[in-house]
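Reviewing the structure listed below.
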Protein chains: 2
Amino acid sequence: MSDVLVRGYANGRARRQLILDEATAMFGEVGYRAASLREIATRVGISHPGLLHHFPAKQALLLAVLEHRDEIDSEQFGLDHLQGIELLGHIVDLVAFNATRPGIVELYCVLSAEATAPDHPAHAFFVQRYARSVESCAGGFRGAQAAGRLRPGIDPDAAGRAFVALMDGLQVQWLLDRDSLDMAAVLRATLAALIVTDD
Amino acid sequence: MSDVLVRGYANGRARRQLILDEATAMFGEVGYRAASLREIATRVGISHPGLLHHFPAKQALLLAVLEHRDEIDSEQFGLDHLQGIELLGHIVDLVAFNATRPGIVELYCVLSAEATAPDHPAHAFFVQRYARSVESCAGGFRGAQAAGRLRPGIDPDAAGRAFVALMDGLQVQWLLDRDSLDMAAVLRATLAALIVTDD
DNA sequence: CCTACCGATCGGTAGG
DNA sequence: CCTACCGATCGGTAGG
């Protein structure tokens with residue numbers, strides 16, 4: 001194993017990472033369909049056939065971007081082991097952090113809307129992703145209910161669905177005018193209206 | 001004034017209307033950037049320079065579609081003269097009706113996400129539209145508060161913002177999987193949690 | 001990773 | 001409203 005070979009692999013990984021970063025930004029700016037492999041490649045500093053050496057087609061690049069983001073976020077924030085009110089609170093914290101990285105918010109906002117088209121290459125990805133998100137939040141509200149802290153008359157499943165929808169809608173308003181809105185504050189106020197005070 | 005001339009104008013208006021309908025569907029399906037004037041023209045049954053005779057450029061067609069929709073909706077549902085809880089209830093009715101015309105839901109969902117890009121031709125339109133929608137719903141909640149029917153501790157302005165966000169987010173989920181979700185029912189349940197029963 | 005190329009498609013214009 | 005065309009750009013491949 002020569003240093004050259006090791007460095008070669010390291011360079012390849014770094015290049016691949018750079019491509020994913022620029023593709024993330026580009027897909028967020030103009031969506032998948034309007035994004036151009038040539039433009040992404042230029043930002044990376046290579047030719048567009050060079051990019052296609054790392055990702056064999058545009059679709060593969062899109063799916064790699066989405067999977068990579070899911071990996072990063074679940075590593076970094078690992079909400080899986082949380083439950084109930086604690087889970088919901090951590091989701092609000094994640095939204096607050098997302099307000100510091102508009103590129104990620106753009107990516108999900110623009111792609112999820114584009115992917116409502118049934119023939120979109122990320123359609124299945126987003127259908128599955130939403131099912132998971134809604135179920136996860138519904139579980140949070142069910143936990144709150146079990147702890148006697150969900151306001152009476154609230155259906156936990158409907159609340160989970162609405163909570164996810166609220167996050168998405170806030171992202172659109174925030175991206176349109178970033179100064180007019182504190183996403184996490186609206187979510188906190190919403191939770192405060194649904195959750196009975198701990199005493 | 002010959003019949004021929006009158007019919008000529010009538011034909012022109014009908015054609016213009018047909019173009020707006022097909023453009024609405026197309027922009028909803030793939031967004032503005034990915035939509036093609038040739039494809040829209042083919043659906044109408046004319047050539048694409050023929051289409052450009054009615055609308056001088058792609059941008060003009062987009063703005064005409066958006067303005068036309070606003071006209072139709074405000075004529076048909078005229079929410080302007082309503083206030084307070086009555087206004088909020090009529091918005092829920094409008095959402096229920098929108099569930100019967102997915103093309104319109106698609107149009108706003110896809111274009112609003114695409115138009116978060118500051119250089120998008122519909123950016124200013126959506127910034128203004130959201131400011132109006134949020135203010136209108138906030139007014140509804142202020143009216144409820146004045147009537148003593150807003151749950152204590154709820155801020156009417158935050159509730160207005162959240163209500164608009166909730167509608168938008170529900171649209172994404174509904175377009176991704178139309179059988180899994182009753183948008184109007186979730187909105188009604190949300191209102192029921194915010195508004196004190198009338199007695 | 002590159003240059004060079006393919007066929008397809010784009011918005012818009014010329015000229016009628 | 002049409003045909004015919006413009007320059008630009010697209011995703012992907014050949015061949016090295």
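Just so it is clear: chains get the letters A, B, ... in the order the sequence lines come, proteins before strands, and each one is counted from 1.
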Is C:dG15 paired to anything, Watson-Crick or G-U wobble with both distances less than 3.5 Å, and if yes, which nucleotide?
->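 Its partner is D:dC2 (Watson-Crick or G-U wobble, both distances under 3.5 Å).
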Base-pairing assignment for C:dT9 (Watson-Crick or G-U wobble, both under 3.5 Å) |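 By the stated definition (distances under 3.5 Å), D:dA8 pairs with C:dT9.
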To the nearest Å, how far apart are [X] [atom1] and [N] [atom2]?
X	N	atom1	atom2	value
A:E39	D:dC10	CD	C1'	13 Å
A:K58	C:dT9	NZ	P	15 Å
A:H53	D:dG15	NE2	C1'	15 Å
B:R38	D:dT3	CZ	P	12 Å
A:F55	D:dG11	CZ	P	15 Å
A:L61	D:dG11	CG	P	10 Å
A:H54	C:dC1	NE2	C1'	7 Å
B:R33	D:dA8	CZ	C1'	17 Å

Parallel, tilted or perpendicular: which fits the ring planes of A:F141 and A:F163, with parallel below 30° and perpendicular above 60°?
->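 Perpendicular.
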Taking the six-membered ring of B:Y108, is the NZ or CZ of B:R129 close enough (under 6.0 Å from the centre) and on axis enough (within 45°)?
->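 Yes - B:R129 lies over the ring of B:Y108, closer than 6.0 Å to its centre and within 45° of its axis.
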Out of [options], which has the shortest distance to the side chain of [X]?
X	options	value
A:H48	C:dC10, D:dG12, C:dG12	D:dG12
B:I46	C:dC2, D:dC1, C:dG12	D:dC1
B:S36	C:dG11, C:dC5, C:dC2	C:dG11
B:S47	C:dC1, D:dC5, D:dT3	D:dT3

Base, sugar-phosphate, or nothing for B:A35, non-hydrogen atoms under 4.0 angstrom?
->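 Sugar-phosphate: the residue B:A35, judged by heavy atoms under 4.0 Å, touches backbone atoms but no base.
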For B:L52, answer base if it contacts any base atom (sugar-phosphate contacts may also be present), sugar-phosphate if it contacts only those atoms, and nothing otherwise; contact means non-hydrogen atoms under 4.0 Å.
->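 Touches a base.
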Looking at [X] and [Y], does any basic side-chain N land under 4.0 Å from a carboxylate oxygen?
X	Y	value
B:D73	B:R69	yes
A:R142	A:E135	yes
B:R33	A:E29	no

